[in-house]
Structures are given as C-alpha cells and as structure tokens.
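To keep things clear, I will list the structure first and then write my remarks on it.
Numbering of ligands and ligand atoms starts at 1, following listing order.
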Amino acid sequence: MELLVKHARLLNRKGLYQIAVHEGKIASIQEEEAGSITDVGDRVYSPEHLEQVIDAEGLLLLPPYVESHIHLDAVLTAGEPRWNESGTLFEGIQIWSERKPFLTEEDIRQRALLALQWLAGQGVLHVRTHVDICDPQLTALKSLLALKNEVSSWVNVQIVAFPQMGICSYPNGAELLEEALKLGADAAGAIPHYEFTREDGVQSLHILFELAQKYDKLIDVHCDEIDDEQSRFVEVLAALAYRTGLKERVTASHTTAMHSYSNAYVSKLMNLLKLSEINFVANPLVNTHLQGRFDPYPKRRGMTRIKELLGAGLNVSLGTDCIIDPWYPLGNGNMLQVANMALHVGHMTGNQEIPLGVHMVTEGGARSLNIMEGYGIEVGKPANFIIADGQDPWELIRRMPVTRHVVYRGKRIASTNPSETALYIGETSQSIDLRNPFIRSS
Ligand SMILES: [Zn+2]
C-alpha cells in the first residue's frame, strides 16, 4: 500500500470513506463506521506498510478536474507585441500572427510548462491543448509534443493539431495537418467558420475526417465561434460524425453561433446532434468576453446552449481556452471559475443544475477527451484524484475553493493550505474562517 486517504467524502454518497492506493491504482474504497472515524485506517492497514496517509478531514474527494480546451502555445503572451483593444476574436488572431514569427521551442516550453504547473497545482490533471499548426516549421507542435513527454509523470496532456488560419485558406493547410498527425498529435482540428468561403469550410471538414480516419485520431473542431447566426458548420460536423461512425470521438468546441440561431432551426438541429453523439466544449470565460463585441445594446452573451444540449442528453464540458494571451487578458486555470461562469451565463442556477457545473469540469471533460476508461473513483482505476476544500458541489461552485491535495497515479503532486483571516474588530483580534461552510439540509 503506498497511500491511504482517510475521512473523505464522495460525490453522491453519504458517509465518509477511506481510499487505499496500491501500485498507482485505487485498491479499495471502504466506508468508515459512523462516529469512530479516527482509527479506522490503522485497523485495516498497519501503519508500517503505509508510505503516506492523507487526512481528508471530511472534504470532498473527486476525480481530477479536466481542462477540455486551452491553447498552451499562446499562454502568457498578452501584450506581445500589442494588446487586444477591441476585445474581438479577429484582433486576437491578428496579434497572434504578429507574435508567431518570434516563437521558439524554448519560449513555448517555458510558458506552457508554467501554465501546466498552475493547472496541476489546482487539481487539473487532464489537459487538452490546441496547437497552431499554420507554420511550415511546426515549431509549436514540436515543442508541445516534447513537453507532453516531459510532464507525463504529473499531468496528462492531449494535443489537437489546430489549423488556426484554416485548412483550405492557408497555404499547404491540409499537408501541415497531415504532417502534424504523423508527428504524433492526438487529435485533428479545423476552423470552418474562418475559411474564406462557406464551401471552403465544408471542404475543410471533409479533409479533416479523411485524415482523422487515416491516422486513427480524435477530432476537435473550433466550430462556429462567431456571432453570425448563418454560421452552421456544426450540422456538417455532426452529419459527418454520424455517417462515419466516429460519433463520440468528435468534439465541437465553442459553437457560439448556436446562441444566435432561431429556435426553429435549433429544434431541427438537436435531432441530428442527438444522433451524432458528439461532445460539446463551451469556453464561457473567453466567449462571454469575445462575443457580442459587434452588438449595440442589448449585447448577446455568445455562449452556446449548454442547458439545452445537456437536456438533450449530449455531453458538454468546459475549457478555459486562454490564459493571458492575445484573446483574453485574464485566466488562472481554476476550472471552478470556468464552471461558475458557465452556470451564470447559461441561467443554470436551479438546485439540480448547480452540480452540473462540477460535472462539466470533471466527468464531462473526461468524456470529451475520450479517457473515461481510466477516469473515476472506482477500484482498479488509476489513482488520480483530488481533495477539494469543500464538502459538496454547491460549495465548490459558490466559493471556487483551492484544491487541498492532488494525487496523480497514486502520488501526491500538490497540496494547498486554505487562507486564514485575522479580524481586528473590537478589543482583541480573532481568526475567522471565510470558507463559511453552509451545510445543506438535503
Ligand atoms: Zn480555442
């Protein structure tokens, strides 16, 4: 036994549990006897065989957060060479193309490594990054492929070959995508709404599916990330996913135009989406910031229809998208902040809806990344889990607390102490707990 976690609360279960880890996998999950929790671990496992014991103190133990959509090649470049003053996607793409000539493998490695450390320290242990492959040298891809290897003992990185300037509209776009897949990208991407014409967009998706099938790769498309209600590539993507049978291996990222579609069209579209079984990734921080920029008042929120997609039984997960880059000057890798924003913008604050925020940054993300086989708190699965500084999903969404402990493949890779506040009111100072847990009656 290499690790024992005591006094952990589990999602959707009453009582407290202890989780034992052996050879990097979850070896047992046992309920502790009510009222006598202190020594249960020692009775079951003799201390001399334990390398490490973590006291979860009644906090929630859950599988790691999943970052479903980020651009690690661009993180921490905001302001280089200039700031995005319009706040639009298109100015962001323009600034990025000015920064790209100065990219080196080491420049990318250092920034991406720092962002991954921020993520892992907060309990994000599965990360899907897009990497811009509209570069004849494929510098960013080569850098991130090497980094993925370098960090593999503490975080799982998935790489999407992302043609930022298009497959049909950028010179040798299809060849670069194919080369990226040969070099080892895990998934193939596209950006149909950014291609020169509607026909180019459709064609780019056909090329994408051919290449993904040829090299047996996942698919994740930047799809309809625009406020134009005429941008309808998600129907093409879903139809191709359905006809090829690739289905849940396909993800539609952003789909912000769906926010602006007529309800009549969405009603027809939903039937196809259900048949296709594709995944959706929303990026609520960045899309509420980028979308609606051309609107007078009222300004559209620009986030895809998460509530309706979930209601139709489709998988939805969430991404940060950007951390301090030409598209977004903020971001810190806290997936609970992303979830909190999604629930606000999506009007999903009903009692049963709030826990969906945590679902979308955990299991929902694992489904998008196609890693469910090794994901979850079950005996026999890899011992990847986190202990949040809260007792239930409502508390996690409300306070967006730190992650107390992060465990990857049975090893603790990070711990964070919650902050303490001293209050100087009246004659003496007192220490108060701003975590202020609210114990729910049901
Ligand atoms: Zn993106």
> Between OD1 of Asp321 and NE2 of His71, what angle is found at the Zn ion (ligand 1), rounded to 10 degrees?
Replying inline: 80°
Let me check something: any side-chain donor-acceptor pairs from residues 307-314 under 3.5 Å, sequence neighbours excluded? List them with distances.
residue	atom	partner	partner atom	Å
Lys307	NZ	His347	O	3.0
Lys307	NZ	Glu353	OE2	3.4

> Going by the salt bridge (charged side-chain N to carboxylate O under 4.0 Å, His left out) test, which pairs reach into residues 108-126, not counting sequence neighbours?
Replying inline: Glu106-Arg109, Asp107-Arg111, Arg109-Glu150
> Is it true that some N/O/S atom of His130, main chain or side chain, lies under 2.8 Å from the Zn ion (ligand 1)?
Replying inline: no
> Within the stated cut-off of 2.8 Å, is an N/O/S atom of Cys322 closer than that to the Zn ion (ligand 1)?
Replying inline: no
>> In terms of relative ring orientation, are His130 and His222 parallel, tilted or perpendicular, with 30° and 60° separating the classes?
In response: perpendicular
> Would a 4.5 Å heavy-atom cut-off, applied to side chains only, mark Ile226 and Phe294 as touching?
Replying inline: no
